[in-house]
Amino acid sequence: MKLGFPPNYHVRVDSLAWSLPDGEAALHEGTYRVDLNRVVVVTFVDDLAVAGPPWSADSLPEPGTDLTDPVQARLSVLLSAVYAVTPNAALAGRSERFERPWAADGSRDGAVFYTGVEEFAVLRADLEELGDIAGGVHSVVQRDTLIEHPVIRFLEDRVLDSPWLRADHAEALGRDR
């Protein structure tokens with residue numbers, strides 16, 4: 001008997017904008033988190049081509065200052081992510097590491113996966129749909145029931161099969177490394 005996590009991981013989807021007041025929600029429009037087995041979080045961040053790459057906190061205000069610009073809010077979210085997905089026409093299909101300036105989990109490495117603008121639009125629409133299916137705090141929806149969704153296919157093909165997937169995350173998703 002194999003102990004550990006099965007590869008049919010649980011999925012939960014939320015938007016940073018869904019639970020915020022209107023004024024703050026607008027700053028996070030187009031930003032979603034997909035939580036896999038409550039361990040691996042992949043963040044989808046709408047258009048940031050004006051902010052990078054390279055990804056840096058240099059253009060953000062001092063810590064503790066309220067963000068008032070959507071690009072700054074999205075950049076802050078990307079810089080906090082272990083895995084981020086964002087559209088960039090010039091870099092579509094590529095991925096790269098970046099340094100997370102505020103890493104709370106001990107790892108400064110993050111990875112960003114670039115899509116085309118049209119592909120991200122498909123993913124964003126699917127994230128909205130998945131929010132209705134697997135958006136609850138205690139979502140029990142599993143990968144196998146969602147496998148035909150573009151977001152899950154993207155995660156499987158680009159993120160979970162990438163060299164950037166950390167060993168502890170692969171183990172939490174029932175994958176061999």
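When side chains are defined from C-beta on, Val82 counts as touching Arg166, because their heavy atoms get closer than 4.5 Å. Side-chain contact between Asp109 and Arg100 is absent, with no heavy-atom pair separated by less than 4.5 Å. Residues Leu16 and Tyr32 are not in side-chain contact: their nearest non-hydrogen atoms beyond the backbone lie 4.5 Å or more apart. Looking only at side-chain heavy atoms (C-beta outward), Trp55 and Leu79 come within less than 4.5 Å of each other. Residues Leu160 and Leu173 form a side-chain contact, since some pair of their non-hydrogen atoms from C-beta on lies under 4.5 Å apart. You'll find the side chain of Leu155 reaches within 4.5 Å of the side chain of Val42, heavy atoms only. Residues Thr43 and Val85 form no side-chain contact, since every pair of their non-hydrogen atoms from C-beta on lies 4.5 Å or further apart.
Between Tyr83 and His169, the ring center distance clears the sub-6.0 Å criterion.
Transitive grouping of hydrophobic side chains (ILVMFWY, heavy atoms separated by less than 4.5 Å) brings Tyr9 and Val39 into a common cluster. Taken together through direct or relayed side-chain contacts under 4.5 Å among Ile, Leu, Val, Met, Phe, Trp and Tyr, Ile147 and Val159 form part of one hydrophobic cluster. No path of Ile, Leu, Val, Met, Phe, Trp and Tyr side chains, each step under 4.5 Å between heavy atoms, connects Leu165 with Val41, placing them in separate hydrophobic clusters. Taken together through direct or relayed side-chain contacts under 4.5 Å among Ile, Leu, Val, Met, Phe, Trp and Tyr, Phe98 and Val71 form part of one hydrophobic cluster. Linking Ile, Leu, Val, Met, Phe, Trp and Tyr residues whenever their side-chain heavy atoms come within less than 4.5 Å leaves Val140 and Val13 in two separate clusters.
Scanning for side chain to side chain contact (heavy atoms under 4.5 Å, CB included) contacts around Ala121 gives an empty result, with sequence neighbours left out. Qualifying side chain to side chain contact (heavy atoms under 4.5 Å, CB included) partners for Val141, counting only residues two or more places apart in sequence or in other chains: Ile133, Ala134, Ser139, Thr145, Leu146. For Arg38, the salt bridge (charged side-chain N to carboxylate O under 4.0 Å, His left out) test picks out no residue, with sequence neighbours left out. Not counting sequence neighbours, the partners of Leu27 by the side chain to side chain contact (heavy atoms under 4.5 Å, CB included) test are Pro70, Ala73. With sequence neighbours left out, Asp157 forms a salt bridge (charged side-chain N to carboxylate O under 4.0 Å, His left out) with Arg153. Not counting sequence neighbours, the partners of Glu29 by the salt bridge (charged side-chain N to carboxylate O under 4.0 Å, His left out) test are Arg124. Under the rule for a salt bridge (charged side-chain N to carboxylate O under 4.0 Å, His left out), Asp47 has no partner lying at least two apart in sequence or in another chain. Applying the side chain to side chain donor-acceptor pair (under 3.5 Å) criterion to Asp58, with sequence neighbours excluded, gives Ser56. Not counting sequence neighbours, Phe120 has no partner by the ring pair (Phe, Tyr, Trp, His ring centres under 6.0 Å) test. For Glu99, the side chain to side chain contact (heavy atoms under 4.5 Å, CB included) partners at least two apart in sequence or on another chain are Arg108.
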| task | Please assess Leu36 against Arg12 for the test side-chain contact (heavy atoms from CB on, under 4.5 Å), listing each intermediate value before the final yes or no. | result | CA-CA 7 Å; Leu36 310 175; Arg12 186 172 66 89; over 6 Å; no
| request: May I have the step-by-step check of side-chain contact (heavy atoms from CB on, under 4.5 Å) for Val34 and Val11, ending in yes or no? | output: CA-CA 7 Å; Val34 179; Val11 177; 4.1 Å; yes
| Given the rule in the side-chain contact (heavy atoms from CB on, under 4.5 Å) test, do Leu75 and Leu48 qualify, once you have shown the distances and angles that lead to the verdict? | CA-CA 7 Å; Leu75 177 60; Leu48 274 173; 4.2 Å; yes
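Using a distance-only test at 3.5 Å, with no hydrogens or angles considered, no donor-acceptor pair links the side chain of Ser76 to the main chain of Gln72. Using modelled atom types, one side-chain atom of Asn37 and one backbone atom of His10 make a donor-acceptor pair closer than 3.5 Å.
Among residues at least two apart or in separate chains, salt bridge (Lys or Arg N to Asp or Glu O under 4.0 Å) pairs with a member in residues 136-149 are Arg143-Glu156.
The shortest heavy-atom contact between Phe113 and Ala111 is CE1-CB, 4.0 Å.
Partner Pro150 forms a side-chain contact (heavy atoms from CB on, under 4.5 Å) with one of Leu130, Leu127, Leu123 and no other, that one being Leu123.
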Do any side-chain atoms of residues 86-96 form donor-acceptor pairs under 3.5 angstrom with protein atoms, and if so which ones, sequence neighbours left out?
unit_1	atom_1	unit_2	atom_2	d
Thr86	OG1	Val45	O	2.8
Asn88	OD1	Ala90	N	3.1
Asn88	OD1	Leu91	N	3.1
Ser95	OG	Trp164	NE1	2.9
Glu96	OE2	Tyr114	OH	2.5

